[in-house]
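No hydrogens, no waters, no symmetry mates; every other heavy atom, side chains included, goes into these values. Quick note on labels: first sequence line is chain A, next is B, and so on, each numbered from 1.
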Protein chains: 2
Amino acid sequence: MRKRETVRRTTAKEVAAAAGVSKWTVIRAFTPGSSITDESKRRVMEAAAALNYSPNLLARSLATNSTRQVAVFVDDFRNPQKLPFLETLTERLQAAGLVAMLININNHFDHVHALLHADQRQVDAVILFGTAFRDETLTDRQLGNGMPPMFVLARDSQIDGVPAVVCDAELALRDIVDHLHDRGYRRPGFMSGAPALSTALRRRQHFTDFWAGKGVSEVELLSAEKYSAEAGADSVRQYLSQSTPGNRIDVLMCENDILALGAMDEIRGGFGLRVPDDIAIVGFDNYELSGSSAYSLTTYEQPRHEMIDAIIGMIVGSIKAETMTLPGKMIVRKST
Amino acid sequence: MRKRETVRRTTAKEVAAAAGVSKWTVIRAFTPGSSITDESKRRVMEAAAALNYSPNLLARSLATNSTRQVAVFVDDFRNPQKLPFLETLTERLQAAGLVAMLININNHFDHVHALLHADQRQVDAVILFGTAFRDETLTDRQLGNGMPPMFVLARDSQIDGVPAVVCDAELALRDIVDHLHDRGYRRPGFMSGAPALSTALRRRQHFTDFWAGKGVSEVELLSAEKYSAEAGADSVRQYLSQSTPGNRIDVLMCENDILALGAMDEIRGGFGLRVPDDIAIVGFDNYELSGSSAYSLTTYEQPRHEMIDAIIGMIVGSIKAETMTLPGKMIVRKST
DNA sequence: TTGTATGCGTTATCAC
DNA sequence: GTGATAACGCATACAA
């Protein structure tokens with residue numbers, strides 16, 4: 001690793017010498033609300049500008065015991081939904097004077113290593129963005145003492161005392177089922193992705209429950225194993241090829257948009273069926289492509305901004321740090 | 001902002017007391033390659049484990065003047081291509097013992113602010129990932145002295161002395177045009193997105209040049225203004241509705257996959273034309289969806305891993321820091 | 001091999 | 001309002 005710089009950054013001490021004051025006065029000039037005369041401040045700022053000085057945040061962090069850095073753990077970069085979340089997250093963090101350390105959780109750098117590393121870096125908080133983490137591998141001491149506070153974004157928390165901010169799945173599925181029922185659909189199907197995810201299981205459960213509440217007890221279950229357009233297409237192909245036109249589902253809800261897009265392609269291209277006339281489709285997450293005229297997919301949008309504002313509020317302490325469930329909104333398009 | 005911790009982290013000093021050595025011996029135990037007896041090291045490590053000690057990277061950074069943090073500037077989160085790049089980038093950085101600070105460049109936090117901030121944070125390097133930055137706004141002193149070394153990823157560098165790592169556009173377009181010519185296409189069209197991007201202009205220029213080299217001097221130019229499926233669809237719709245079937249293009253190259261997917265949808269769904277029989281399509285970047293059976297889009301893949309390895313090599317100093325142009329590879333599918 | 005002194009650049013706290 | 005002292009936790013250089 002190369003040395004960071006050939007030329008040293010100017011320090012408060014040097015500015016002090018140039019301005020003819022002590023270095024503490026320089027610090028005061030750069031500390032909002034501290035007691036200093038306008039004249040002193042002016043002279044300091046002049047010297048600082050001339051010497052191109054700016055405070056060293058590293059040294060500040062060491063002294064204040066606050067880095068204003070937040071570690072963001074991500075383990076699935078295949079979900080396009082991550083991108084708009086990262087955009088909003090970084091934007092709002094920066095607006096709050098914080099900065100995101102993006103940590104890739106993978107086989108070589110798992111949650112435990114990442115958490116230990118984040119702790120060594122003295123981050124102010126850790127956001128588990130869509131990643132699962134059970135604390136079995138960490139001792140109580142490791143989790144409790146000195147560890148940065150953790151928050152879970154867009155997924156359930158599996159650890160006591162670790163708050164999560166999630167989209168209200170019950171409300172979402174109720175809205176969706178209501179909408180489908182209003183449209184006259186009565187033979188629903190549900191395509192799930194990874195079966196191990198609790199958020200996934202919850203969506204499916206609510207879907208079947210709400211249909212049951214409307215007197216529809218049979219929900220066809222399709223399974224796509226993983227979240228990709230290909231998997232969605234495969235899953236629906238398998239279903240359609242072993243079902244007869246007479247008793248097919250009339251609407252298919254997919255666990256997320258990428259499955260829905262793949263399924264829609266296959267239904268139209270592979271089987272020559274019409275959407276929504278033969279089979280209606282609903283997704284979840286509202287990807288950018290879902291709104292294009294070719295798909296026009298009815299879907300559900302998570303309250304991204306609200307979720308992120310909430311989690312940042314917990315981090316900075318402006319709102320209470322406890323699990324929150326926020327309502328999203330339906331996006332009705334032509335696929336239903 | 002809440003105080004970071006209620007319980008202080010244990011320090012080298014405390015471990016030293018517990019192990020019955022001086023704190024410098026503790027440091028040595030945690031410094032690979034330093035001279036220390038096995039016995040001392042064992043005792044230190046034992047005490048460290050008991051007290052749950054790990055070195056404070058913040059203090060280390062202040063002392064060594066190296067944070068092992070790299071700022072990654074991103075300004076366009078709408079391009080799905082960013083996600084796999086971020087995945088590989090974070091993975092490889094972490095493998096090199098570095099960590100990524102993700103900086104969102106937007107109206108409120110522009111390049112100048114971000115660079116100043118990164119400098120204050122003492123990052124070891126700055127990666128401009130797909131963002132444009134001209135140095136007109138910074139004085140020479142600001143850019144030269146003490147600033148962290150900058151590198152441009154997946155875009156041209158517009159600053160002298162700032163190396164860029166890019167996909168070889170000339171080679172790519174040559175391969176593409178060769179392929180299309182081999183397939184028998186002779187009436188090519190090119191759809192561009194944002195006209196201001198130099199990478200964009202370059203692709204178009206090479207495309208027309210290579211066709212000219214094959215005796216095809218006319219290339220139909222479509223313009224999509226921005227990079228979205230919708231824009232791609234709009235652009236091709238406008239073209240098709242004001243052209244007659246007789247003298248239409250027989251192949252359309254789009255500047256990236258998202259344009260191509262939108263265009264393909266419109267060509268098939270909106271006009272009932274067949275791909276590739278009526279019009280063939282080529283994209284660029286190989287998005288995940290492009291490989292699905294519904295699209296099967298011929299495209300070109302940037303050498304992501306090689307590009308990222310190169311830029312990290314420059315950062316850690318294992319390879320010379322100078323602009324590199326790396327060859328990608330064609331992905332031929334059914335759309336041509 | 002080990003201990004000591006000093007420095008990294010800032011903030012917190014006190015005396016003036 | 002300003003200057004001085006101590007502290008943050010670790011690394012470097014030197015002496016033992």
Side-chain angles (χ1 to χ4, degrees), chain A residues 1 3-5 7-45 47-48 51-69 119-124 146, chain B residues 1 3-5 7-44 47-48 51-68 119-124 146:
Chain A
M1 173 63 93
K3 270 292 176 190
R4 188 185 171 284
E5 41 195 351
V7 195
R8 263 187 46 261
R9 283 171 52 93
T10 50
T11 71
K13 198 175 180 179
E14 293 160 348
V15 176
V21 296
S22 72
K23 64 173 178 176
W24 297 279
T25 302
V26 175
I27 302 292
R28 286 191 185 92
F30 281 88
T31 307
S34 65
S35 51
I36 183 174
T37 54
D38 290 349
E39 169 60 13
S40 293
K41 185 161 185 174
R42 190 190 59 71
R43 283 174 57 191
V44 168
M45 286 314 197
L51 294 173
N52 197 28
Y53 167 82
S54 66
N56 183 335
L57 263 35
L58 205 56
R60 171 178 296 176
S61 294
L62 183 63
T64 59
N65 203 26
S66 157
T67 55
R68 305 200 71 81
Q69 294 202 176
D119 181 44
Q120 287 187 269
R121 290 243 184 226
Q122 305 280 84
V123 299
D124 287 347
Chain B
M1 175 62 94
K3 269 292 176 189
R4 190 185 168 282
E5 41 196 348
V7 197
R8 265 188 43 261
R9 286 171 50 94
T10 50
T11 71
K13 199 174 180 179
E14 292 160 348
V15 176
V21 297
S22 73
K23 65 172 179 177
W24 296 277
T25 303
V26 176
I27 302 291
R28 287 191 183 92
F30 281 88
T31 306
S34 66
S35 51
I36 184 176
T37 53
D38 290 348
E39 170 60 12
S40 292
K41 185 162 185 173
R42 191 191 58 71
R43 284 174 57 191
V44 168
L51 294 172
N52 197 28
Y53 167 81
S54 64
N56 183 334
L57 263 35
L58 202 55
R60 172 178 293 176
S61 294
L62 183 62
T64 60
N65 203 24
S66 157
T67 55
R68 306 199 70 80
D119 181 45
Q120 288 188 269
R121 292 246 184 223
Q122 307 279 85
V123 299
D124 287 347

In chain order, what residues pass the side-chain hydrogen bond (donor to acceptor under 3.5 Å, both in side chains) check against [X], with sequence neighbours excluded?
{"X": "A:S40", "result": "A:T37"}
{"X": "A:T31", "result": "none"}
{"X": "A:S54", "result": "A:R9"}

Check: Which angle, to the nearest 10 degrees, lies between the helix axes at the two ends of the helix from C:dT1-D:dA16 to C:dC16-D:dG1, each defined by five pairs?
Finding: 40°
Check: How long is the span from the NZ atom in A:K41 to the CZ atom in A:R43, to the nearest 0.5 Å?
Finding: 15.5 Å
Between protein and nucleotides 8-11 of chain D, what N or O pairs are separated by less than 3.5 Å?
{"residue": "D:dC10", "atom": "OP1", "partner": "B:Y53", "partner atom": "OH", "Å": "2.8"}
{"residue": "D:dC10", "atom": "OP1", "partner": "B:N56", "partner atom": "N", "Å": "3.1"}
{"residue": "D:dC10", "atom": "OP2", "partner": "B:A12", "partner atom": "N", "Å": "2.8"}
{"residue": "D:dC10", "atom": "N4", "partner": "B:K23", "partner atom": "NZ", "Å": "3.4"}
{"residue": "D:dA11", "atom": "OP1", "partner": "B:R60", "partner atom": "NE", "Å": "2.6"}
{"residue": "D:dA11", "atom": "OP1", "partner": "B:R60", "partner atom": "NH2", "Å": "3.4"}
{"residue": "D:dA11", "atom": "N6", "partner": "B:W24", "partner atom": "NE1", "Å": "3.0"}

Check: Applying side chain to side chain donor-acceptor pair (under 3.5 Å), which residue pairs with at least one partner in residues 16-28 of chain B are found, sequence neighbours left out?
Finding: B:S22-B:T25
Show each protein N/O and nucleotides 14-16 of chain D N/O combination with a separation under 3.5 Å, one pair to a line.
none

Over all heavy atoms of both residues, which pair between [X] and [Y] is shortest? Give the atoms and the distance, please.
{"X": "B:Y53", "Y": "B:A12", "answer": "CE1-N, 3.4 Å"}
{"X": "B:Q122", "Y": "B:N65", "answer": "NE2-OD1, 3.6 Å"}
{"X": "A:A48", "Y": "A:V15", "answer": "N-CG1, 3.8 Å"}
{"X": "A:V21", "Y": "A:V26", "answer": "CG2-CG2, 4.1 Å"}

Margin query: Any residue in residues 15-22 of chain B with a heavy atom nearer than 4.0 angstrom to DNA chain D? Just list them by number, or reply none.
Written below: none
Checklist line | Interface with DNA chain D, restricted to residues 35-44 of chain B and to heavy atoms under 4.0 Å | finding: none
Throw together a table of side-chain donor-acceptor distances under 3.5 angstrom for residues 55-63 of chain B, partners on residues two or more places apart or in other chains.
{"residue": "B:N56", "atom": "OD1", "partner": "B:L58", "partner atom": "N", "Å": "2.8"}
{"residue": "B:N56", "atom": "OD1", "partner": "B:A59", "partner atom": "N", "Å": "3.3"}
{"residue": "B:S61", "atom": "OG", "partner": "B:L57", "partner atom": "O", "Å": "2.8"}
{"residue": "B:S61", "atom": "OG", "partner": "B:S66", "partner atom": "O", "Å": "3.4"}

